[in-house]
Amino acid sequence: MDFHDVFSAVKPAESPDSKATTNITQIPANIVGALVPGYSTIAKPLSEYLGLDISLLVSGSLLIFGLITTGTFWKKASVHFETLFTSIVIINSDDDIYNHVMEWLVEQPISKNSRSLMARTTRGQTYDLENWCYEKHELNSGHLLNFRNAKVAPSFQPYFGNHIFRHRGRYFVFSREFRHQTSVFGSLLSQDEIIKLRCYGWSTRPIKDLIRECGDHYSDTRKSCTDVRRPAHVEIRNKGRALWGKKTTSLSRPIGTVVLDHKCKEDLLRDINNYLHPDTSKWYANHGIPYRRGYLFHGPPGTGKSSLAWAIAGVFGLEIYLISLAQGMLSDDDLHLMFTDLPRRCIVLLEDIDSAGLAKRQKGDKIHDLGSEDAVAEIGSETTETLNQEHRTTSRVITLSGLLNAIDGVASHEGRILIMTSNFPDRLDEALIRPGRIDVQVAFKNATRPQIHEIFVRMYSPDISTKPASNIRQAVHKLDCHSTGDSTPSDKATSEINKEETPAILPQSIPAASSAAPKLEEIATEFANLFDEETFTPAEIQGFLLTKKEDPVEALKEGPAWKDQVLKTRRLQ
Ligand SMILES: Nc1ncnc2c1ncn2[C@@H]1O[C@H](COP(=O)(O)OP(=O)(O)OP(=O)(O)O)[C@@H](O)[C@H]1O
């Protein structure tokens, strides 16, 4: 290309013959002629014989070519700029950090001011929903509530693409995009979402600080909550993306609300507290003992086994990794892998272990215990092992040996707490509950009279604070001040300390008809005396009291009839 021709063509044409521009989209013919070799040779005959003016077509093509070239240039230039002058951290959407960052961003100005947002329906916690704007009526006013128009405000997140924001005097670029994995033939194998955090400069430190801040913000908003994880969906696990699903969060249950012998609760908390202490892990290491601890909570349904496990998680601020073996969603291999993917400190909760269909071995049977340090490397009973093999090949069911290998296999993560719950401890295989796998057993029974008394007082007491306690006695005794009967001397001392907190009279919400009623403690004692020791579960008592939650006097009055009804139904069954 001769640039002299181009420059001379750009000069304004003075000759009246020169056909300058016809409109702004058309490049002057003399410029096109200079840029496209042979243009005038082709254009002239076409124009003379066919009446075609190709200058417009050529001008358009040149413009598009110019734009594409400039776009590619800028793209390349910006990639080089980013590589040379910015730092980046990439976060996968399966990772917890993704949630921390997204939740933090929702509250930042970027989620208000950006012009590209994604709206999400907020699925708040039940207690959040009370802030819904609906027509408010007094409790018990008889007005029917209608939630048709109750709306939860949506939340807005930055949408896919690039978003620039400023935080603590620094500019960051937040990008949200899909990452594709394709086969060698170009077909899509998988697609997942990633976010990229970028900042200007050669250090990733500002991004790391930002991620830390997002994590702090996340835990600050969940101070009185317990995070729970369940196994990830089988498809996600198969693709190797994650073994555990995303966190769900629920309000922590104060341990004081679980009615159990105080000494038992205190001993349990002390044991766990000691186990979790960093010095203890060193001690275990020095003595060559695997740093693991297992607990078995056993007793009839509805006596508080799961409630205690959740309350313990709340006390120590630990996440719960909840596995239901009975659902048939996991194989031995899955379970083994999942145990290797546990954080250093957490609670693994295996609920209703007896209903998982694990075959209990007969006397003399042995387990083919593959990876365990204390493995009995011997093929066990024909029957059990055949049964286990059958399960393993035909369905996603855990076998006893698979479970034992997961619990104490070499890869099993140290520092975790294992809690198993069972309604029928006699059905459990001895190997499963031998010391080293289960170190402490807690028996739950039907409610004693003092426990019924405690449940009653708690039901009619003011709201319980969910603020975490700072020491064991405070955690256990926070609201256990009402209990009577089989309390220990230490319980009594605490009761004295807390006496002022005890509601001496009935709560205000009690109808006027019963305002002449005696003190709550006295009604509770009378109510507890209606029942024989250990005949009703705490869940049954709680269920009945919930139907009379506004009026303890009414509960006392109706108690005998309800008790007779339940006993009669039981006899008929
Ligand atoms: N000891 C208890 N103290 C306080 N509440 C209890 C107690 N036992 C049961 N409840 C109440 O009964 C309900 C069921 O309790 P939970 O699920 O903990 O029982 P569980 O023993 O784990 O039952 P299951 O064996 O059927 O799983 C809960 O709402 C809980 O509040």
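In each ligand, atom 1 is the first atom listed, and ligand 1 is the first ligand listed.
- Relative ring orientation between F544 and F527 is described as parallel, the plane-to-plane angle staying below 30° on a 0-90° scale split at 30° and 60°.
- With atom 20 (P) of ligand 1 as the reference point, the heavy atom nearest to it among A539, G302, A309 is part of G302.
- Closest protein heavy atom to atom 27 (O) of ligand 1: S306 OG, 3.8 Å.
- Of all heavy-atom pairs between L243 and L337, the closest is CD1-O, 3.6 Å.
- Relative to atom 30 (C) of ligand 1, the option among H298, R253, K445 with the closest non-hydrogen atom is R253.
- Checked by distance only, ligand 1 and G304 come closer than 3.5 Å through their nitrogen or oxygen atoms.
- D334 places a side-chain N or O within 3.5 Å of a backbone atom of S331 that can act as its donor or acceptor partner.
- Not a single heavy atom of T421 lies less than 4.0 angstrom from ligand 1.
- A tilted orientation is assigned to the rings of F297 and F444, their planes being inclined by 30° to 60°.
- The closest protein non-hydrogen atom to atom 7 (C) of ligand 1 is P538 CB, 3.3 Å.
- Around NZ of K445, the count of heavy atoms belonging to other residues, nucleotides or ligands within 6.0 Å does not exceed 12.
- The option from S307, G299, P300 that lies nearest to atom 16 (P) of ligand 1, judged by heavy atoms, is S307.
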